[in-house]
Structures are given as structure tokens and as C-alpha cells.
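The block underneath contains the structure these notes are about, expressed in C-alpha cells.
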Amino acid sequence: EIGKIADREGVNAYIVGGFVRDLIIGRENFDIDIVVEGDATEFAKVVGRELGAKVHTFSRFKTATLVFKDGTRIDMASARTEVYKFPGALPEVDIAPLKKDLFRRDFTINTLSVKINYSDFGKLIDFFGGLKDIKDKKIRVLHSLSFVEDPTRILRALRFSVRYRFELGKHTEKLLKMAVEKKLFKTVEGQRIYHELKQILLEDNPLRVFLRLEKYRLIEELFPGLRWNREKKDTFERVRKLIIWHRINFPERKTDYHLVYLGALFFKEPLERVKSYLSSLSFPEKEGKKLLKFLDEIYGTYRALKSSNLPSEVYKTLRGREEEFLLLLAALFPDVEEKVVNFMRDWRFVEPLVSGKDIKELGLKPGPAFKEILNRIKYEIIDGRVSREDREEQYSRL
Ligand code: CTP
């Protein structure tokens with residue numbers, strides 16, 4: 001449909017980047033990016049009007065986002081149309097705007113595009129050999145200055161290489177090493193590094209990416225003085241397993257899994273040092289605060305858990321805690337993992353079958369004692385002194 005509109009409006013439109021890459025590799029990807037040779041904002045408005053999607057335009061960047069009724073989002077950007085060097089100069093017609101746009105990107109595998117104009121629908125466009133590099137399983141930059149122009153691409157290269165199990169191209173690896181030696185990260189806004197770090201921690205296996213960061217001496221670059229040892233690697237592995245378990249069992253709970261990894265990374269580091277990492281990487285304030293609180297409280301919680309013998313004691317220690325905190329706790333301290341997992345899976349959901357109303361009917365006056373009674377019943381159930389069935393029986397007799 002969009003293709004027909006493009007034909008009619010006289011613009012060329014292409015799906016570009018990650019979506020095409022993942023389509024060929026066979027990985028799910030729901031982020032559709034469209035590049036328009038022409039004005040993307042104008043085009044997006046027409047598409048939005050005709051297909052009934054909401055349109056948000058950013059005129060400064062000539063980009064737009066379409067949000068369809070089913071939640072699908074499509075980003076549109078304008079390929080820079082030819083710049084006239086001086087009034088009346090001939091445009092550089094030999095290079096298509098799309099090609100110029102793609103040339104600014106990071107790796108060949110991200111430069112594939114598919115034309116969606118109705119007349120040419122589905123035509124794969126591969127200016128820079130991206131298809132061959134996918135076949136060869138190689139990450140390659142488009143030109144020698146790629147990492148210098150944008151050092152966060154160093155992190156992206158390692159992230160993609162782990163995700164797809166691709167190797168770095170020989171020349172690309174050399175350039176990456178040179179960029180690391182020049183300590184180019186120092187020149188990058190912390191916020192952008194934070195963003196890439198978060199992307200790494202949201203990958204399926206961040207430990208593998210971190211092992212590559214280690215290989216290229218980037219851990220020291222990103223976190224001066226941080227200890228990155230066997231213990232932390234083991235914790236990363238445990239975090240990964242717990243997250244997999246959590247995703248399956250609690251898919252509806254919004255959880256910032258990257259925070260669990262960050263907690264594991266910074267555990268046992270001096271607080272002042274952690275604070276300096278947070279500020280040099282411009283962590284979002286809320287997230288930084290949460291993380292510091294976790295690190296501050298987790299050992300105490302562990303001690304309390306260790307001496308909790310009854311499930312109800314575990315319950316009292318852990319109730320109301322954040323998902324990320326609980327996962328971190330289980331990952332850092334294997335000897336209390338079972339308690340934490342039982343709490344997350346069962347104990348936290350126990351509700352007394354007796355309600356406040358029932359107690360009132362027994363002739364008790366409302367007040368704090370009330371809550372206390374209900375809590376006690378809850379603890380009894382959690383501890384298994386009263387089975388649910390017993391409770392139900394008593395309840396029916398009441
Ligand atoms: N890009 C780039 N340099 C960067 C970041 C992004 O050149 N530092 C380009 C890439 O070519 C990429 C596009 O911008 O294809 C969009 O980037 P992103 O939104 O990160 O998407 P994906 O490449 O799809 O990555 P992911 O699969 O992790 O979302």
C-alpha cells in the first residue's frame with residue numbers, strides 16, 4: 001500500500017537497515033525504517049491520512065514516525081536530496097540520495113535496502129556488498145573513518161558479532177584496535193555510551209559481549225579501575241539464567257533486565273567509584289538512584305535471608321522488593337537463590353482466604369490488630385502449617 005502511494009507521490013521509498021538485515025538472516029525484527037528520496041515528513045502525512053495511522057513529524061530532522069492502529073510503528077527519514085554547491089550548480093546526479101544516506105552508516109550488513117514502490121516492489125539494493133558479508137558472516141565498516149566518526153560503533157561491532165556469531169573483517173578489526181588505542185571514547189557523550197551499554201545488556205548473552213570488550217581492553221576504558229574477574233563472569237552467567245526463567249514465568253512484569261547486570265557489574269566496587277561511572281556515562285537519574293539503592297541494601301537483605309528459616313520470614317524480608325533487586329539477589333548469592341525463587345514463584349502470591357469482613361463478622365473491632373490477624377493467617381499458609389484446603393474447610397464452617 002505504501003508502495004502505491006510512493007508511486008503516486010513520485011518519490012522512491014525503501015525499507016533500510018536492521019529490518020532487511022534481520023529478514024535475510026532470519027531473525028525477528030519489528031522496527032521498520034523507511035528512507036524516502038524526497039521529503040519524508042510530507043510523504044508520511046499522506047500515508048498516515050490514507051492508511052489511518054497517527055503521524056508524528058520532526059521537521060528539523062525531516063523524519064516522521066507512523067503509528068498504526070495495531071501498534072505497528074514505522075520510522076521514516078529523508079535521504080538528503082542533492083545539495084547545490086552554489087546557486088545554479090548542477091546537482092551531483094551520479095550518486096543516488098539513498099546511496100549517500102547508506103554510506104553514512106556503520107556496517108555493510110546494515111546498508112541493505114528493499115525498494116517498496118509498487119512498480120519495483122521487493123527489489124533488493126546492495127551498494128556495499130552487505131549480502132556477501134552476511135553470507136561470509138563478517139562485520140565490516142564501509143570506510144576507514146567509521147570508528148573515528150562514531151566510536152560507539154566499536155561497541156556495536158562487538159554486540160552484532162556476538163548476536164549473529166559473525167567475525168570482524170580483518171581490516172575492520174585493525175581499525176577497531178586503532179580506535180581503541182586512540183582512546184576515542186573520551187570524546188563521546190556519556191549518554192551515547194550509556195545507550196550502547198544498555199543495548200549490550202539487553203542482548204541475549206551480554207557476557208559474551210563483555211568477553212570481547214575484555215579482549216579489546218575496553219572494560220578498562222569504559223570503567224576505569226573496575227574489577228572484571230571470574231566471580232563477576234559467573235554472576236553474569238547466573239543473571240542470564242535467572243532472566244530466562246523470569247521472562248518465561250512473568251512475561252507481564254515490566255522488568256529492566258539491564259539493571260540486574262549493572263548491579264552484578266558494580267557489586268563490591270567502592271560506592272564512590274560506582275558514582276563516578278554513573279556520572280561519566282550520564283545514567284538517567286532514576287536508574288542511577290535505583291542502582292545505588294540496590295547496591296547499598298543487598299548485602300543486608302542477604303544476611304537477613306540467610307538467617308530466615310521460615311518461609312514467612314523470607315516473605316517479610318522480600319515483600320515489596322523490585323523484580324530487578326530480587327533477581328540480582330538470587331544471582332549474587334547462590335545459597336539463598338532457592339528462597340528468593342520460591343518467594344517470587346509462590347509465596348508472594350499467597351492471600352488469606354479469610355477477609356477483613358469475615359473477621360468483623362466474628363465480632364472483632366477494626367484496627368491495626370485486624371491487619372495483624374490477616375497477616376498471621378497469611379504467614380501460616382506460607383509456612384504450610386495451614387494448607388489451603390484446611391483453610392477452605394474452616395472457612396466454610398465459619
Ligand atoms: N547506525 C550507525 N551508527 C550508529 C548507530 C546506528 O550507522 N552509531 C545506523 C545503522 O546502520 C543502523 C541504523 O543506524 O542500521 C539504525 O540503528 P539502530 O536503531 O541501532 O538499529 P539496528 O541496526 O536495527 O540495531 P538493533 O537490531 O540492535 O535494533
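Whatever order the structure lists them in is the order used to number ligands and atoms, beginning at 1.
Proximity of atom 19 (O) of ligand 1 to the protein is not indicated, since no non-hydrogen protein atom lies closer than 4.0 angstrom. For atom 16 (C) of ligand 1, the nearest protein heavy atom lies 4.0 Å away or farther.
Within 6.0 Å of CZ in Phe121 there are 12 or fewer heavy atoms belonging to other residues, nucleotides or ligands. Heavy atoms of other residues, nucleotides or ligands lying less than 6.0 angstrom from CZ of Phe250 number more than 12. Atom CD of Gln191 is surrounded by 12 or fewer heavy atoms from other residues, nucleotides or ligands within 6.0 Å. Counting heavy atoms of neighbouring residues, nucleotides and ligands inside a 6.0 Å radius, atom CD of Glu237 exceeds 12 of them.
At a 3.5 angstrom cut-off on N or O pairs, Asn29 does not count as close to ligand 1. Between Arg21 and ligand 1, a contact under 3.5 Å exists for at least one N or O pair. At under 3.5 Å, not a single nitrogen or oxygen of Tyr164, backbone or side chain, sits near a nitrogen or oxygen of ligand 1. The N/O atoms of Arg156, backbone and side chain alike, include one that comes under 3.5 Å of an N/O atom in ligand 1.
When the options Glu203, Arg105, Arg153 are ranked by their closest heavy atom to atom 13 (C) of ligand 1, first place goes to Arg105.
Looking from atom 8 (N) of ligand 1 to the surrounding protein, the closest heavy atom is Asp150 OD2, 2.6 Å. Considering only non-hydrogen protein atoms, atom 29 (O) of ligand 1 sits nearest to Asp31 OD2, 4.3 Å.
The part of Arg163 lying near ligand 1 is the side chain, judged by heavy-atom distances below 4.0 Å. Both the backbone and the side chain of Asp106 come within contact range of ligand 1, each with a heavy atom under 4.0 Å.
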All N/O donor-acceptor pairs, side-chain side in residues 298-310, below 3.5 Å, sequence neighbours left out:
{"unit_1": "Thr301", "atom_1": "OG1", "unit_2": "Glu297", "atom_2": "O", "d": "2.9"}
{"unit_1": "Tyr302", "atom_1": "OH", "unit_2": "Asp335", "atom_2": "OD1", "d": "3.4"}
{"unit_1": "Tyr302", "atom_1": "OH", "unit_2": "Asp335", "atom_2": "OD2", "d": "2.6"}
{"unit_1": "Lys306", "atom_1": "NZ", "unit_2": "Asp335", "atom_2": "OD2", "d": "2.9"}
{"unit_1": "Ser307", "atom_1": "OG", "unit_2": "Arg303", "atom_2": "O", "d": "3.4"}
{"unit_1": "Ser307", "atom_1": "OG", "unit_2": "Ala304", "atom_2": "O", "d": "3.2"}
{"unit_1": "Ser308", "atom_1": "OG", "unit_2": "Ala304", "atom_2": "O", "d": "2.7"}

Donor-acceptor contacts, no H, no angles, side chain residues 45-60, under 3.5 Å, sequence neighbours left out:
{"unit_1": "Glu50", "atom_1": "OE1", "unit_2": "Arg8", "atom_2": "NH1", "d": "3.4"}
{"unit_1": "Glu50", "atom_1": "OE1", "unit_2": "Arg8", "atom_2": "NH2", "d": "3.4"}
{"unit_1": "Glu50", "atom_1": "OE2", "unit_2": "Arg8", "atom_2": "NH2", "d": "2.4"}

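Across Tyr277, Trp228, Phe210, a single residue satisfies ring pair (Phe, Tyr, Trp, His ring centres under 6.0 Å) together with Phe223, and that is Tyr277.
Ring planes of Phe294 and Phe325: perpendicular class, angle over 60° (limits at 30 and 60°).
With ligand atoms numbered from 1 in the order given, ligand 1 contributes 28 (O) to contacts under 4.0 Å with heavy atoms of Arg159.
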